[in-house]
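Reminder, nothing fancy here: chain letters follow the sequence lines and each chain counts from 1.
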Number of protein chains: 2
Amino acid sequence: MPSHGRDVHGATKAAECLSCYLKALCVPQGLSPDETALLDDLVFPPIRLEKREVLCVQEAPFDSLYAVRTGCLKQETAVEGAENLLTALWLPGDIIGCDAIGLGRYPGTVSALETATLCKLPFDQFEALTQRMPRLRRHLQRSISRAMHEERLSLHQLLCRTAEARLAYFLLAVSACFHRRGYSSSHFRLPMSRNDIGSYLGLTQETVGRTLAAYQNRRLLRVHGREYQLLDIARLERLASSTGRQKKL
Amino acid sequence: MPSHGRDVHGATKAAECLSCYLKALCVPQGLSPDETALLDDLVFPPIRLEKREVLCVQEAPFDSLYAVRTGCLKQETAVEGAENLLTALWLPGDIIGCDAIGLGRYPGTVSALETATLCKLPFDQFEALTQRMPRLRRHLQRSISRAMHEERLSLHQLLCRTAEARLAYFLLAVSACFHRRGYSSSHFRLPMSRNDIGSYLGLTQETVGRTLAAYQNRRLLRVHGREYQLLDIARLERLASSTGRQKKL
DNA sequence: CGTACAATTGAAGCATTTCAACGCCTGTGG
DNA sequence: CCACAGGCGTTGAAATGCTTCAATTGTACG
């Protein structure tokens with residue numbers, strides 16, 4: 001494990017972190033300048049991952065959280081008796097590793113879907129820092145709790161929905177995420193294969209493709225490879241929040 | 001909010017909590033006697049909820065965690081555009097409210113499926129206490145992180161599985177939970193209606209019933225109303241860990 | 001004993017998977 | 001330059017599994 005503190009990167013680190021447009025998402029609001037400086041010391045200079053490069057492998061000991069600055073990463077978990085399952089997807093502003101704290105190991109293999117940059121946050125140092133900055137820990141705890149609820153709710157909703165509703169839900173979630181980061185919410189590139197999407201939603205690649213084609217015929221969106229353009233978000237939202245099935249009275 | 005500390009219940013509280021067989025699950029291991037005493041002060045005397053009684057309603061401000069001592073509770077979340085969704089299920093030893101910390105509100109209405117007893121843990125006092133006992137907070141954080149991963153994984157697995165595999169998975173999870181608490185793992189009462197189970201797994205009540213009947217015909221288990229007896233756990237496990245579909249190549 | 005709710009069963013329709021075939025693009029090696 | 005392989009996406013047809021709807025039986029509780 002590399003040494004931390006003010007090393008050769010010391011001069012630029014604070015500047016980078018402060019200028020990072022994700023700052024508000026990674027760290028709690030309302031830290032004093034002193035506190036901010038302390039946190040900055042922890043954050044390593046951004047890591048760059050090329051497409052298909054691996055950040056961590058399943059079962060590797062957990063040691064760091066990572067904040068996504070740019071790009072898109074996926075987590076694949078191998079479960080016995082089945083092939084790999086795409087269990088998580090991270091876009092800019094997300095924090096990787098929250099699901100590894102309890103286990104002490106990374107619960108899946110994380111790799112970049114396209115060139116990505118990340119901030120590394122060694123967890124033991126982060127923990128030590130929270131002794132002096134309780135807000136920091138509370139912030140993380142809240143994020144995790146919130147993510148837990150959102151994920152629980154969305155997955156339970158998806159369980160009883162048709163492919164049509166699942167995909168609409170998924171695309172809108174991605175769209176909302178991009179929007180929050182300042183990107184366009186209606187026009188974006190999602191560098192996942194149909195297979196990846198299917199694995200994430202519990203569908204086959206054929207069904208994903210067919211459903212996208214059906215959307216296009218209905219002028220709800222346009223897809224070209226992995227470029228998506230949402231044309232009628234209101235209608236997509238209606239699709240996403242219905243089960244997709246004919247009402248049962 | 002009721003006052004805490006050594007009140008009329010002061011004399012019995014510590015004794016109750018120490019004798020609770022769930023203690024190892026609620027509190028971190030290795031606390032000193034002093035620390036244990038401090039924690040005991042926080043825990044209210046067990047609350048008793050009758051069947052169908054409500055612990056908290058959706059959107060109510062979050063103020064306490066609850067540890068389940070006996071009984072079984074469910075969480076129903078109302079989402080617009082659909083009927084209620086059963087989003088969580090708690091058995092003895094589980095902690096209620098982890099998904100409310102981030103939101104600051106309870107994300108669903110929690111009610112007892114049968115008579116239940118609970119320990120109430122006011123969260124602000126718990127937070128204050130963690131200042132003196134970092135282990136306590138770390139313990140909670142780990143539990144939450146672990147639960148997050150387990151839930152993420154299991155729900156993603158369920159998404160691509162047949163009713164047969166979903167039910168087997170569910171019954172084994174319940175069985176394992178009872179086993180961990182010292183109850184029989186093969187013979188238990190699960191006081192949920194077919195509808196509840198269906199809502200939790202994203203199936204209809206008819207499918208749940210039919211699948212249970214099919215299990216019975218294959219001598220995998222016996223069901224009588226809400227009494228379950230697992231006869232062939234090994235075979236159920238094989239069912240649960242396969243998708244239930246004919247292999248794709 | 002009767003009502004209300006829960007569970008079961010049957011039949012029909014629908015959605016998704018499976019399997020197979022094809023087109024497209026990219027990179028590789030001749 | 002072309003030929004070709006491999007990955008990815010698309011499309012079609014058949015089979016499977018689940019839902020829907022409706023009718024019936026069973027069970028709990030006044």
Exercise. Do any N or O atoms from the side chain of B:His156 and from the backbone of A:Tyr200 form a donor-acceptor pair under 3.5 angstrom?
Worked result: yes
For this session: In whole angstrom, give the distance that lies between atom CG of A:Asp196 and atom P of D:dC8.
Result: 8 Å
Exercise. Whole-Å distance between D:dA28 P and B:Glu114 CD?
Worked result: 15 Å
Exercise. B:Thr162 side chain N/O closer than 4.0 Å to the phosphate oxygens (OP1, OP2) of D:dG17?
Worked result: no
Problem set entry | Spacing between B:Glu206 atom CD and C:dA7 atom C1', to the nearest angstrom | 10 Å
Problem set entry | First encountered from the 5' end of DNA chain D, between B:Arg166 and B:Lys51 | B:Arg166
Exercise. Heavy atoms under 4.0 Å, any strand shown: does B:Ser193 hit a base, just sugar-phosphate, or nothing?
Worked result: sugar-phosphate
Exercise. Would you say C:dC14 has OP1 or OP2 under 4.0 Å from some side-chain N or O of A:Arg245?
Worked result: no
Problem set entry | Charged N-O contact under 4.0 Å between B:Asp99 and B:Arg105 | no
For this session: Classify the side chain of B:Arg210 and the base of D:dT20 as holding, or not holding, a donor-acceptor pair under 3.5 Å.
Result: yes
Exercise. Whole-Å distance between D:dG17 P and A:Leu203 CG?
Worked result: 17 Å
For this session: Describe the nucleic acid contact of A:Gly198 in one word from base, sugar-phosphate, nothing, applying a heavy-atom distance below 4.0 Å.
Result: nothing
For this session: Verify the contact: side-chain N or O of B:Thr204 to OP1 or OP2 of D:dC18, cut-off strictly under 4.0 Å; return yes or no.
Result: no
Exercise. For A:Leu201 and C:dT17, what is the distance between atoms CG and P respectively, to the nearest whole Å?
Worked result: 11 Å
For this session: Measure across B:Lys120 and B:Ser64 and return the closest heavy-atom pair with its distance rounded to 0.1 Å.
Result: CE-OG, 3.1 Å
Exercise. For A:Arg152 and B:Trp90, which heavy atoms make the closest approach, and how far apart are they?
Worked result: NH1-CZ2, 4.2 Å
Exercise. Which whole-number value in Å describes the distance from A:Arg194 CZ to D:dG7 P?
Worked result: 18 Å
Exercise. Would you say the ring centroid of B:Phe123 lies under 6.0 angstrom from that of B:Phe62?
Worked result: yes
For this session: Write down the distance between CG (B:Leu190) and C1' (C:dA7), rounded to a whole number of angstrom.
Result: 15 Å
Seminar exercise, completed: Atom CZ of A:Arg161 and atom C1' of C:dC14 are separated, to the nearest Å, by 19 Å
For this session: Using a 4.0 Å heavy-atom cut-off across all strands, classify B:Arg226 as base, sugar-phosphate, or nothing.
Result: sugar-phosphate
